[in-house]
There are 2 protein chains.
Amino acid sequence: MDGRMPMEGRGPLAATPTLAEDVVAAGYQPDTEDGVCPVRDVLDRLGDAWSVLVIRHLDLGPARFNALRRAIGGISQRMLAQTLRKLERDGLASRTVFPTTPPQVEYALTDLGQSFSAHLARLAQWAALHQPAIRASRRRYDVAQGDDKER
Amino acid sequence: MDGRMPMEGRGPLAATPTLAEDVVAAGYQPDTEDGVCPVRDVLDRLGDAWSVLVIRHLDLGPARFNALRRAIGGISQRMLAQTLRKLERDGLASRTVFPTTPPQVEYALTDLGQSFSAHLARLAQWAALHQPAIRASRRRYDVAQGDDKER
DNA sequence: CTGCATCCACATCGATACTG
DNA sequence: CAGTATCGATGTGGATGCAG
């Protein structure tokens, strides 16, 4: 290990192909100079449940490490640190260290992060709105499957 | 195994806590009747790279299994079948079987699926728009890290 | 042509222990 | 308080082979 980059949040997806179509469909050029699709980068943050939670919590205002940890609840120290590092790396969150004793580190959303958070809110809204329909569909599907298995 | 539900695309996220804040922040009530956050369900589809790709491709029009497979390129048979099943279960895609020989199966986006696809497009647009900034931020971060390690 | 079952490599996550 | 390092359990995805 050369301890360079975290790179833990990619994994299997790293082998993913183009997705360039997404960008094209959206009216933009890919730019896969290094083989990584720009859209995938962002979408991967969404797939990461913790990133979403952390961003939305930071949207309520700056917070310190353990405050964030308590507020979210259920996130391990490891995952929080990892998530925050990723967000900082992507320029979505800022990290400010106050050289006091004990040391205090404050995290906050950057403008970019807030912009992203707004999209998350819209997405959450859509999800909440259509969730009943999705639930119902799932139930129908599962029941149908069960019947097939049964007879 | 009782062969009831696919349930393969959840895994680690299944243990995820609330995220109820997301819904609340969006102005909706949670509804974690069975411990599953409604927003998480949808967001998980986003984290799944293949779901996104498949949805966007289906948005261009209905398609058959192998046509889809070729169009996307790089997706394994297993993942495509799995992804399509999930989409069908959630009511985002429809599956129509033509009892011909050989059998033909056509997949298409439902209204719900198209609605979702529109959101994906917006997200892709945001990603493409801010991708340069994110790239730059990452480079800065990585360089800084490298320096730290070096000295 | 569609799609499921099995096997296998690998990555992730959480818990724990330790440093500054 | 704010992290990093390591370890073990679990889950995911790809390849292959077979069935309807």
Side-chain angles (χ1 to χ4, degrees), chain A residues 1-17 44-45 47-51 53-54 62-89 93 95-107 145 148-149, chain B residues 1-17 44-45 47-51 53-54 63-70 72-89 93 95-107 145 148-149:
Chain A
M1 165 181 341
D2 70 345
R4 239 345 173 359
M5 292 197 295
M7 271 296 106
E8 230 183 304
R10 317 285 313 304
L13 296 178
T16 296
D44 283 352
R45 296 284 86 67
D48 183 357
W50 298 126
S51 289
L53 271 177
V54 170
R64 300 205 347 236
F65 191 89
N66 278 328
L68 214 45
R69 187 154 156 51
R70 276 189 302 272
I72 292 179
I75 187 171
S76 67
Q77 205 172 29
R78 184 179 188 265
M79 281 299 104
L80 181 55
Q82 215 165 75
T83 301
L84 285 170
R85 254 184 290 125
K86 280 196 291 189
L87 294 181
E88 189 196 354
R89 189 169 105 100
R95 192 185 109 119
T96 314
V97 182
F98 297 95
T100 61
T101 45
Q104 297 200 355
V105 182
E106 191 179 82
Y107 292 92
Q145 291 304 305
D148 287 354
K149 296 277 177 186
Chain B
M1 191 200 296
D2 68 345
R4 239 350 172 357
M5 294 196 294
M7 272 295 107
E8 230 183 306
R10 316 285 312 305
L13 296 179
T16 297
D44 283 351
R45 296 283 87 65
D48 184 358
W50 298 125
S51 289
L53 270 177
V54 170
R64 301 210 341 244
F65 191 89
N66 277 329
L68 214 46
R69 185 155 156 53
R70 277 189 300 274
I72 292 178
I75 186 172
S76 69
Q77 209 172 27
R78 184 180 191 263
M79 283 298 107
L80 181 55
Q82 214 166 77
T83 301
L84 286 170
R85 251 184 292 128
K86 282 195 291 189
L87 294 181
E88 188 197 354
R89 189 169 105 99
R95 192 186 109 116
T96 314
V97 181
F98 296 95
T100 62
T101 47
Q104 296 200 356
V105 183
E106 190 180 84
Y107 292 92
Q145 289 306 304
D148 286 354
K149 296 277 180 187

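Quick note on labels: first sequence line is chain A, next is B, and so on, each numbered from 1.
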Nearest whole angstrom, please: distance from the [atom2] of [N] to the [atom1] of [X].
{"X": "A/Glu88", "N": "D/dT4", "atom1": "CD", "atom2": "P", "result": "10 Å"}
{"X": "A/Ile75", "N": "C/dA15", "atom1": "CD1", "atom2": "P", "result": "12 Å"}
{"X": "A/Arg64", "N": "D/dG3", "atom1": "CZ", "atom2": "C1'", "result": "14 Å"}
{"X": "A/Leu80", "N": "C/dT16", "atom1": "CG", "atom2": "P", "result": "18 Å"}
{"X": "B/Asp48", "N": "C/dA11", "atom1": "CG", "atom2": "C1'", "result": "16 Å"}
{"X": "A/Leu53", "N": "C/dC13", "atom1": "CG", "atom2": "C1'", "result": "15 Å"}
{"X": "B/Gln82", "N": "D/dG14", "atom1": "CD", "atom2": "C1'", "result": "11 Å"}
{"X": "A/Met79", "N": "D/dT6", "atom1": "CE", "atom2": "P", "result": "16 Å"}

- Task: Please state whether the phosphate of C/dG14, meaning OP1 or OP2, lies under 4.0 angstrom from any side-chain nitrogen or oxygen of A/Trp50.
- Result: yes

task = Output yes when at least one side-chain N/O atom of A/Arg85 is less than 4.0 Å from OP1 or OP2 of D/dT4, else no.
result = yes

Side-chain contact, heavy-atom cut-off 4.5 Å: B/Leu68 with B/Leu84? yes

*Quick one: are A/Leu87 and A/Val54 in side-chain contact, heavy atoms under 4.5 Å?*
yes

Of all residues at least two apart in sequence or in a different chain, which pass the side-chain contact (heavy atoms from CB on, under 4.5 Å) check with [X]?
{"X": "B/Pro103", "value": "none"}
{"X": "A/Thr96", "value": "A/Phe98"}
{"X": "B/Thr101", "value": "none"}
{"X": "B/Arg70", "value": "B/Asn66, B/Ala67"}

Residue set satisfying side chain to side chain donor-acceptor pair (under 3.5 Å) with B/Ser51, at least two apart, ordered chain then number -> B/Asp48

Using a 4.0 Å heavy-atom cut-off, does A/Tyr107 contact any base of the nucleic acid, only the sugar-phosphate backbone, or nothing at all? sugar-phosphate

Any protein N or O atoms within reach of nucleotides 16-20 of chain D? Criterion: under 3.5 Å, listing atom names and distances.
none

Testing C/dT2, C/dC1, D/dA2 for proximity to the side chain of B/Pro102, the answer is C/dC1

B/Asn66 has its side chain closest, among D/dT4, C/dT2, D/dA2, to C/dT2

